[in-house]
Amino acid sequence: MIEARHLRVLRAVAATGSFSAAARELGCTQPAVSQQMKALEGAAGTPLLIRSGREMRLTEAGRALVRHATGILAGLTAAEEEVAAIAGLRAGRVRLVSFPSGSSTLVPMALAELRAAHPGTRVSLVEAEPPASVEMLRSGDCEIALAFRYPQMSEEASGEWDDLVLRPLLNDRLVGVVPEGHKLAGAGAVGIAELAGEPWIAGCPRCRGHLVEVCESEGFTPRIDFATDDYPTVIGLVGAGLGVAVLPELALESVRTKGATTLDVEPAVRREVVALTLPDLARVPAVAATLDRLEQAARR
């Protein structure tokens with residue numbers, strides 16, 4: 001195997017014309033240069049130098065290797081500098097996938113602080129709900145996935161993240177949303193069973209499945225007339241008197257509740273919001289820094 005250190009010695013010998021001069025240039029001994037040249041010729045499988053008295057000339061193979069050595073060593077130096085920049089957070093890229101209410105609340109503050117601290121680190125963002133976002137992480141389409149799950153969900157989903165590094169962010173409470181003119185609008189808090197006869201507006205498939213589970217545990221199956229992943233649309237439909245809904249508090253932070261009012265709901269429901277990455281990725285400095293900023297944003 002041809003090693004970079006051997007190529008550096010060969011290039012010095014070719015430039016200076018002797019082992020002793022190459023040794024002075026490289027800051028080592030003449031025997032060390034001779035030994036490394038012998039190892040390089042062994043790896044190449046052919047002579048690289050012709051020694052005639054004090055004169056030393058490159059063979060055809062030696063000239064070819066010197067020609068390639070320049071590009072190889074330049075590329076290796078560039079690679080070393082780039083890796084050092086990434087390790088020192090002077091460069092690097094993180095692809096982030098988040099569900100919409102996380103994108104509008106946690107992500108902006110986290111990325112703004114990351115950019116201020118490490119302007120050379122680039123972060124891109126796309127939106128996807130779990131479990132699609134988690135599959136993107138596993139398939140190599142992102143480095144971090146923001147996701148959520150409900151503690152009450154069925155046991156077969158309880159181990160879905162066991163192969164991933166999980167950074168807990170917050171527990172996001174769900175609240176009821178009803179039209180301002182609804183008979184329960186001023187109640188402050190309601191049991192979810194009190195909304196049994198209402199038309200419902202549901203969210204993403206995971207949220208929709210959880211809504212059905214909670215309602216059935218309270219003795220009824222919700223009549224879902226509308227389903228949308230877009231929270232402003234949910235509020236618009238509720239405000240128009242077309243149904244009721246439960247929404248995460250994160251979602252309500254960035255949505256105008258025009259025409260609708262919120263209620264505490266019993267039984268209390270909270271979803272676990274986390275940042276996920278792969279074990280090897282967790283050691284990458286830019287990924288670790290992004291996870292730290294997401295955690296800090298969630299504490300505020």
Side-chain angles (χ1 to χ4, degrees), residues 95-112 123-137 141-142 144-150 152-153 157 160 169-182 184-185 190 192 195 198-215 221-265 268-276 294 297-298:
R95 295 169 297 171
L96 175 64
V97 177
S98 173
F99 55 92
S101 57
S103 299
S104 61
T105 53
L106 300 176
V107 171
M109 182 183 299
L111 297 194
V123 182
S124 61
L125 171 69
V126 297
E127 289 189 341
E129 299 277 1
S133 57
V134 182
E135 288 311 308
M136 291 176 68
L137 174 64
D141 294 325
C142 67
I144 297 174
L146 259 64
F148 62 85
R149 62 183 173 187
Y150 296 96
Q152 298 92 340
M153 292 185 74
E160 63 179 339
L169 297 181
L170 55 87
N171 287 314
D172 190 17
R173 185 172 66 105
L174 269 64
V175 297
V177 186
V178 300
E180 285 182 346
H182 193 277
L184 296 173
V190 296
I192 200 166
L195 301 171
E198 302 286 344
W200 283 82
I201 301 149
C204 71
R206 173 163 289 201
C207 297
R208 194 155 59 244
H210 178 257
L211 171 66
V212 171
E213 282 191 19
V214 171
C215 291
T221 299
R223 191 190 94 204
I224 298 174
D225 286 357
F226 304 96
T228 174
D229 296 348
D230 185 71
Y231 292 121
T233 300
V234 173
I235 295 296
L237 292 169
V238 172
L242 297 173
V244 300
V246 289
L247 287 179
E249 284 188 313
L250 271 184
L252 292 172
E253 286 184 23
S254 57
V255 177
R256 289 182 59 206
T257 56
K258 183 178 180 180
T261 189
T262 60
L263 305 166
D264 290 340
V265 173
V269 177
R270 293 179 181 272
R271 63 177 185 173
E272 180 187 12
V273 177
V274 302
L276 302 169
L294 287 167

Which atom of [X] lies closest to which atom of [Y], heavy atoms considered:
X: Val107; Y: Leu146; value: CG2-CD2, 4.0 Å
X: Asp230; Y: Thr228; value: N-OG1, 3.0 Å
X: Ile224; Y: Ala202; value: CG2-CB, 3.9 Å
X: Ala145; Y: Ser133; value: CB-O, 3.7 Å
X: Leu169; Y: Ala298; value: O-CB, 3.5 Å

Heavy-atom check, side chain of [X] versus side chain of [Y], under 4.5 Å:
X: Ile144; Y: Leu294; value: yes
X: Asn171; Y: Glu272; value: yes
X: Leu137; Y: Val97; value: no

TODO: Spell out, as yes or no, whether a donor-acceptor pair under 3.5 Å connects the side chain of Arg271 to the backbone of Arg149.
DONE: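 The answer is no, because no donor-acceptor pair under 3.5 Å joins these two groups.
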For the [atom1] atom of [X] and the [atom2] atom of [Y], what is their distance to the nearest 0.5 Å?
X: Leu276; Y: Met136; atom1: CG; atom2: CE; answer: 13.0 Å
X: Ile235; Y: Thr262; atom1: CD1; atom2: OG1; answer: 8.5 Å
X: Glu249; Y: Ser101; atom1: CD; atom2: OG; answer: 11.5 Å
X: Thr105; Y: Leu252; atom1: OG1; atom2: CG; answer: 11.0 Å

Open item on the list: side chain to side chain contact (heavy atoms under 4.5 Å, CB included) for Phe99 and Cys207? Distances and angles first, verdict last.
Closed with: CA-CA 12 Å; Phe99 55 92; Cys207 297; over 6 Å; no
TODO: Please lay out, stage by stage, how Leu170 and Leu106 fare under the test side chain to side chain contact (heavy atoms under 4.5 Å, CB included).
DONE: CA-CA 10 Å; Leu170 55 87; Leu106 300 176; 3.9 Å; yes
- [ ] Look at atom CZ of Arg173 and say whether more than 12 heavy atoms of other residues, nucleotides or ligands are closer to it than 6.0 Å.
- [x]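 Check passes, neighbour count above 12.
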Task: Residues Val265, Leu174; criterion side chain to side chain contact (heavy atoms under 4.5 Å, CB included); working and verdict - done: CA-CA 8 Å; Val265 173; Leu174 269 64; over 6 Å; no
Task: Note: Glu160-Arg206 ion pair, threshold 4.0 Å (strictly below) - done: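 Here Glu160 pairs with Arg206 in a salt bridge, since their nearest N and O are under 4.0 Å apart.
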Open item on the list: So, applying side chain to side chain contact (heavy atoms under 4.5 Å, CB included) with Val246, which one of Val175, Leu195, Leu211 is it?
Closed with: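 When side chain to side chain contact (heavy atoms under 4.5 Å, CB included) is applied between Val246 and each of Val175, Leu195, Leu211, only Leu211 qualifies.
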- [ ] Check Pro222, Pro199, Pro179 against Val244 for a side chain to side chain contact (heavy atoms under 4.5 Å, CB included) and give me the one that passes.
- [x]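 Among Pro222, Pro199, Pro179, the one meeting side chain to side chain contact (heavy atoms under 4.5 Å, CB included) with Val244 is Pro179.
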Open item on the list: Ser103: which residues meet the side-chain contact (heavy atoms from CB on, under 4.5 Å) condition with it, sequence neighbours left out?
Closed with: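 Testing Ser103 for side-chain contact (heavy atoms from CB on, under 4.5 Å), a comparison that skips the adjacent residues, returns Ser98, Leu125, Glu127.
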Open item on the list: Test side chain to side chain contact (heavy atoms under 4.5 Å, CB included) on Ile201 and Asp225; report intermediate values, then the result.
Closed with: CA-CA 6 Å; Ile201 301 149; Asp225 286 357; over 6 Å; no
